[in-house]
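Report on the structure given below.
Fair warning: this is a prediction, and the values are worked out from it, not measured in the lab. Residue numbers start from 1 in every chain, and the chains themselves are labelled A, B, ... in the order their sequence lines are given, proteins ahead of strands.
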Amino acid sequence: MKPRATKPRSSKTAAVAAASKTANSANAGDDAYASRLLAWFDVSGRHDLPWQHPRTPYRVWLSEIMLQQTQVKTAAPFFERFVETLPTLPSLAAASLDTVLGLWSGLGYYARARNLHATAKLCVERHGGDLPRDIDALTALPGIGRSTAAAILAQAWDDRHAILDGNVKRVLSRYHGIAGYPGLPAIERRLWALAESHLPHARMTDYTQAQMDLGATLCTRSDPSCILCPLQHDCVARIEGRVAELPTPKPGKVAPQRHAQVLWLLDRNNRVLLQRRPPAGIWASLWTLPQSDDEDGAAQWFAAHVNGEFGDGEELAPIAHAFSHYKLELQPRRWRPVALRDSVRDNDDLRWFERAELAALGIPAPIRKLIESL
DNA sequence: AAGTCGGGGAG
DNA sequence: CTCCCAGACTT
């Protein structure tokens with residue numbers, strides 16, 4: 001039995017909140033972001049989520065943990081089943097880990113269930129069977145980070161703390177036109193500061209829910225409904241036409257860098273020697289310049305096919321080309337004029353081509369650009 | 001700063 | 001198929 005909270009609201013905050021309410025406008029004094037968001041929430045927010053009725057600290061906490069990296073639609077049925085079996089924090093603490101994991105089965109990220117159970121037991125030991133109403137005490141518990149702790153306090157107690165989950169990151173990135181992957185510490189610091197800067201002085205429960213509702217229903221990752229958005233007129237991304245490119249997506253793994261030698265042979269008539277690629281693999285069956293993985297391979301190919309000195313070749317500027325899974329740097333070398341050995345004949349896979357014939361051939365873009373540059 | 005955990009939804 | 005989602009934690 002826990003008498004009550006350990007963390008009283010500051011007198012200044014309380015005074016502002018009271019003033020706001022008496023002003024007959026819960027948003028008085030707050031910035032446009034918060035005011036418009038709250039007005040929108042009253043009409044279009046989600047007011048019937050399972051953990052909102054009743055909205056107890058235990059149910060709020062459980063929902064926040066379930067919703068980590070999990071969408072509302074997925075989590076909702078698990079939440080209903082969980083609270084039906086374990087309706088209170090002490091009942092969770094008294095349950096076996098097997099029972100908890102059983103209720104979690106199918107949700108994924110099972111460390112969340114282990115941490116949930118551990119936190120329940122810690123709360124019984126340290127906090128009289130309740131969650132602490134203190135941001136630092138909450139953050140110290142397993143599975144509760146800064147954003148989750150803030151969400152619990154705002155949702156359960158109406159306390160004034162900023163959250164920064166995926167929804168808020170997306171909304172703020174767009175609203176302020178913040179480029180850079182939000183997972184990067186430098187970007188995340190800026191977003192936290194912006195989240196703090198917009199906090200209203202009243203209605204924190206609704207405000208917190210409103211941000212998540214906006215992110216989940218309007219300001220979605222792809223194809224957001226800007227036309228319905230209460231923030232559209234101040235949204236930098238909207239104004240500058242950058243909605244589709246913000247927030248900056250997670251950078252892919254660095255593509256491996258590969259190298260290749262390219263042999264550019266021209267005969268007396270300025271014809272170019274092209275070779276057909278194998279029917280499988282990169283540039284399958286396209287015509288391209290003879291190519292080798294390294295300089296030794298290129299020299300060997302040259303010696304076997306061409307009358308002349310490999311060393312006479314003119315080393316040209318490297319060409320960078322990006323594929324989806326690796327980056328290729330092509331090192332071209334040019335010889336002109338040059339002739340093939342008598343033993344080498346034109347055939348289906350290796351031919352001299354007139355310049356005028358090139359347009360009709362399937363040639364990789366970087367190679368075409370190179371040989372047509374002459 | 002990057003990797004790990006996971007099932008599900010969207011494109 | 002890939003990418004992302006009401007993140008936190010470990011390396």
Side-chain angles (χ1 to χ4, degrees), chain A residues 37 41 45-52 55 57 59-79 81-82 101-119 122 135-136 138-156 161-174 180-189 191-192 195 204-225 244-255 323-325:
Chain A
L37 203 49
F41 175 77
R46 295 177 292 187
H47 302 270
D48 294 302
L49 298 172
W51 38 90
Q52 296 174 328
R55 178 153 30 207
R59 289 163 61 92
V60 166
W61 164 52
L62 176 60
S63 73
E64 289 300 329
I65 301 302
M66 281 192 172
L67 290 165
Q68 288 172 357
Q69 299 295 288
T70 306
Q71 296 187 345
V72 166
K73 186 178 173 184
T74 302
F78 285 86
F79 177 87
R81 188 180 63 170
F82 199 103
L101 288 173
L103 291 166
W104 209 269
S105 180
L107 252 189
Y109 279 115
Y110 296 94
R112 293 185 295 176
R114 299 176 186 280
N115 288 334
L116 192 80
H117 192 218
T119 286
L122 283 170
I135 188 83
D136 295 321
L138 277 175
T139 309
L141 293 166
I144 302 178
R146 179 176 174 183
S147 188
T148 297
I152 292 169
L153 292 176
Q155 299 268 18
H161 296 281
I163 63 167
L164 188 65
D165 62 11
N167 287 312
V168 181
K169 284 178 177 174
R170 186 166 56 253
V171 171
L172 290 179
S173 296
R174 286 176 175 159
Y181 173 56
L184 292 174
I187 305 298
E188 196 170 296
R189 268 197 302 278
L191 293 173
W192 269 115
M204 278 303 302
T205 302
D206 288 345
Y207 173 75
T208 302
Q209 187 63 45
Q211 289 181 100
M212 297 189 287
D213 286 358
L214 189 80
T217 65
L218 291 189
C219 196
T220 49
R221 176 163 63 94
S222 58
D223 197 23
S225 305
E245 61 196 64
L246 293 176
T248 303
K250 182 186 178 75
K253 274 174 279 191
V254 229
F323 295 97
S324 58
H325 47 309

Taking only side-chain nitrogens and oxygens of A/Ser147, does any of them come within less than 4.0 Å of OP1 or OP2 of C/dA8?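 Looking at the OP1 and OP2 atoms of C/dA8, neither is under 4.0 Å from any side-chain N or O of A/Ser147.
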Selected nucleotide, minimal atom distance to [X] side chain, candidates [options]:
{"X": "A/Asn115", "options": "C/dC3, C/dG7, C/dC9", "answer": "C/dC9"}
{"X": "A/Arg170", "options": "C/dC9, B/dG6, C/dC5", "answer": "C/dC5"}
{"X": "A/Gln71", "options": "C/dC5, C/dC9, B/dG6", "answer": "C/dC5"}

What heavy-atom pair brings A/Gly180 and A/Ile187 nearest, and what distance separates the two atoms?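 Nearest pair, atom of A/Gly180 first, then A/Ile187: O-CG2, 3.7 Å.
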How far apart are the C-alpha atoms of A/Phe41 and A/Asp213, what are their side-chain angles, what is the distance that settles it, and do they pass the side chain to side chain contact (heavy atoms under 4.5 Å, CB included) test? CA-CA 8 Å; A/Phe41 175 77; A/Asp213 286 358; 3.4 Å; yes
Relative to the 5' end of DNA chain B, which residue comes earlier, A/Lys250 or A/Tyr110, by the nucleotide with the nearest heavy atom? A/Lys250
Starting at the 5' end of DNA chain B, which residue's closest nucleotide do you reach first, A/Ser222 or A/Ala186?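 Nearest-nucleotide comparison on DNA chain B picks A/Ala186.
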What is the separation between atom [atom1] on [X] and atom [atom2] on [N], rounded to the nearest whole Å?
{"X": "A/Lys73", "N": "B/dG7", "atom1": "NZ", "atom2": "C1'", "result": "14 Å"}
{"X": "A/Ile187", "N": "B/dA1", "atom1": "CD1", "atom2": "P", "result": "11 Å"}
{"X": "A/Asp223", "N": "B/dG11", "atom1": "CG", "atom2": "P", "result": "7 Å"}
{"X": "A/Leu101", "N": "B/dG7", "atom1": "CG", "atom2": "C1'", "result": "16 Å"}
{"X": "A/Met66", "N": "C/dG7", "atom1": "CE", "atom2": "C1'", "result": "16 Å"}
{"X": "A/Gln69", "N": "B/dG9", "atom1": "CD", "atom2": "P", "result": "16 Å"}
{"X": "A/Trp104", "N": "B/dG7", "atom1": "CH2", "atom2": "C1'", "result": "13 Å"}
{"X": "A/Asp165", "N": "C/dG7", "atom1": "CG", "atom2": "P", "result": "5 Å"}

5′-ward residue of the pair A/Gly143/A/Ser63 relative to DNA chain C: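 Nearest nucleotide further toward 5': that of A/Ser63.
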Name the residue closer to the 5' end of DNA chain C, choosing between A/Thr248 and A/Thr139 according to the nucleotide with the nearest heavy atom.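 Per heavy-atom nearest nucleotide, the more 5' residue is A/Thr248.
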At under 4.0 Å between heavy atoms, what does [X] touch on the DNA or RNA strands: base, sugar-phosphate, or nothing?
{"X": "A/Leu164", "result": "nothing"}
{"X": "A/Trp51", "result": "base"}
{"X": "A/Gly183", "result": "nothing"}
{"X": "A/Leu184", "result": "nothing"}

Base B/dG7 to side chain A/Thr70, donor-acceptor N/O within 3.5 Å cut-off: no
If you look only at pairs with a residue in residues 63-77 of chain A, which of them pass as a side chain to side chain donor-acceptor pair (under 3.5 Å), with sequence neighbours excluded?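 Passing the test, one end in residues 63-77 of chain A: A/Gln68-A/Thr148, A/Thr70-A/Arg112.
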All ring pair (Phe, Tyr, Trp, His ring centres under 6.0 Å) counterparts of A/Phe78, not counting sequence neighbours: none
Going by heavy atoms closer than 4.0 Å, what residues in residues 208-219 of chain A are next to DNA chain C? A/Gln209, A/Met212
Could you tell me the separation between the CG atom of A/Leu103 and the NE2 atom of A/His117, rounded to the nearest 0.5 Å? 11.0 Å
Check the pair A/Leu214 / A/Asn167 against side chain to side chain contact (heavy atoms under 4.5 Å, CB included), numbers first and verdict last. CA-CA 8 Å; A/Leu214 189 80; A/Asn167 287 312; over 6 Å; no
Which label fits A/Phe82 and A/Trp104: parallel for a plane angle under 30°, tilted from 30 to 60°, or perpendicular past 60°?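 The arrangement is perpendicular - the two ring planes meet at more than 60°.
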If the P atom of C/dC9 is compared with that of B/dG8, how far apart are they to the nearest Å? 24 Å
With rounding to the closest Å, how many angstrom separate the C1' atoms on C/dA8 and B/dG9?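 To the nearest whole Å, 22 Å.
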Close side-chain approach of A/Ile152 and A/Pro57, heavy atoms under 4.5 Å: no
